[in-house]
Amino acid sequence: SPVPEGFRGIKWHRHADEPVYAYGSAQCERIIDEICGRRLPVVLEEEFHNTLNFIKSIAERTVVIIPHMGGLNGGYTRLKHAGVFESQCVWVDTALAHPREIEDFSTRYGVSRILFGSDYPFGIPLSEKRKIEAGFSGDDLNAVIGGNLQRLLRF
């Protein structure tokens with residue numbers, strides 16, 4: 001098995017100036033099938049077109065988490081207009097996201113797919129937490145700060 005036992009999720013992260021992964025290759029398809037078969041959530045940070053194609057390849061077989069509300073995946077608004085967030089299998093994290101984007105997502109799609117993130121050392125955890133506390137309260141705050149992640153990881 002290419003994914004060792006005990007993994008609770010996958011970070012699939014590529015920068016635009018790095019070589020493109022061999023999407024469509026038998027090796028890539030096998031690893032995606034294994035990830036989906038084990039229902040491991042995938043934190044996906046990729047270029048916009050690769051983000052769209054990756055989500056299509058997952059085809060609702062596991063959860064894909066878009067970090068920074070899409071800030072490095074082509075942008076929140078662009079992903080929203082492409083319909084990416086309509087899928088119940090696409091979640092977001094709040095690290096370094098603008099409060100307006102977080103508010104828009106929660107208004108349109110609810111809070112059940114929002115995860116707190118800080119992106120330390122690039123973001124300051126306390127500042128990022130205060131941003132969430134300013135936008136949510138009660139059960140919604142508890143869900144975003146940790147409850148959604150616990151539910152996702154089945155704790």
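Panel note: side chain His13, backbone Glu45; no donor-acceptor pair is recorded below 3.5 Å. Under the 3.5 Å distance criterion, the side-chain polar atoms of Arg113 are matched with a main-chain donor or acceptor of Ser87.
To the nearest 0.5 Å, the span separating OH on Tyr21 from CG on Asn53 amounts to 15.0 Å. Distance check, rounded to the nearest 0.5 Å: CG of Asn142 to CZ of Phe116 gives 13.5 Å. One distance of note links CZ of Arg130 with CD1 of Ile132; it measures 13.5 Å at 0.5 Å rounding. Note that the CZ atom of Arg8 and the CZ atom of Arg38 stand 11.0 Å from one another [nearest 0.5 Å].
Residues meeting the side chain to side chain contact (heavy atoms under 4.5 Å, CB included) test with Ser57, sequence neighbours left out: Ile32, Phe54. Listed by chain and number, the residues in a side chain to side chain donor-acceptor pair (under 3.5 Å) with Thr94 amount to none (sequence neighbours excluded). When the side chain to side chain donor-acceptor pair (under 3.5 Å) test is applied to Tyr23, the partners found at least two apart in sequence or on another chain are Trp12, Glu46. Partners of Glu47 under the salt bridge (Lys or Arg N to Asp or Glu O under 4.0 Å) rule, at least two apart in sequence or in another chain, are Arg14. Partners of Ala82 under the side chain to side chain contact (heavy atoms under 4.5 Å, CB included) rule, at least two apart in sequence or in another chain, are Phe48, Leu52, Val84. Every residue two or more places apart in sequence or in another chain that forms a side chain to side chain contact (heavy atoms under 4.5 Å, CB included) with Ser25 is listed here: Ala22, Gln27, Cys28. With sequence neighbours excluded, no residue satisfies side chain to side chain donor-acceptor pair (under 3.5 Å) with Asp140.
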Run the numbers on Leu40 and Val3 for side-chain contact (heavy atoms from CB on, under 4.5 Å), then give the verdict.
-> CA-CA 10 Å; Leu40 296 172; Val3 179; 3.8 Å; yes

Using the side-chain contact (heavy atoms from CB on, under 4.5 Å) rule, take Val42 and Ile65 through it: C-alpha gap first, then chi angles, then the decisive distance, then the call.
-> CA-CA 6 Å; Val42 178; Ile65 302 163; over 6 Å; no

Carefully, step by step, assess Trp91 and Val64 under the rule side-chain contact (heavy atoms from CB on, under 4.5 Å).
-> CA-CA 6 Å; Trp91 294 37; Val64 174; over 6 Å; no

Going through the distances and angles, do Phe136 and Ile114 end up as a side-chain contact (heavy atoms from CB on, under 4.5 Å)?
-> CA-CA 11 Å; Phe136 298 102; Ile114 302 175; 4.3 Å; yes

Return a table of donor-acceptor pairs under 3.5 angstrom between the side chains of residues 117-129 and protein atoms on other chains or two or more places apart.
| residue | atom | partner | partner atom | Å |
| --- | --- | --- | --- | --- |
| Ser118 | OG | Tyr120 | N | 3.4 |
| Glu128 | OE1 | Leu96 | N | 3.0 |
| Glu128 | OE1 | Lys131 | NZ | 2.6 |

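Sequence neighbours left out, the pairs with a member in residues 48-64 that pass salt bridge (Lys or Arg N to Asp or Glu O under 4.0 Å) are Asp33-Arg61. Every pair tested for salt bridge (Lys or Arg N to Asp or Glu O under 4.0 Å) that includes a residue from residues 15-31 fails, sequence neighbours excluded, so the list is empty. Sorted by first and then second residue, the salt bridge (Lys or Arg N to Asp or Glu O under 4.0 Å) pairs involving residues 75-103 (not counting sequence neighbours) are Lys80-Asp104.
When hydrophobic side chains of Ile, Leu, Val, Met, Phe, Trp and Tyr are connected at separations under 4.5 Å, Leu72 ends up as a singleton with no cluster partners.
By the 4.5 Å heavy-atom criterion applied to side chains, Leu44 and Ile55 are counted as neighbours. Using a 4.5 Å heavy-atom threshold, the side chains of Ile58 and Cys36 count as touching. Side chains of Val92 and Leu115 form no contact here, defined as non-hydrogen atoms less than 4.5 Å apart.
Nearest heavy-atom pair across Val111 and Ser106 is CG1-CB, 3.8 Å. Taking both residues in full, the closest heavy atoms of Leu79 and Gly70 are given as CD1-CA, 3.5 Å, listed atom of the first, atom of the second, then distance.
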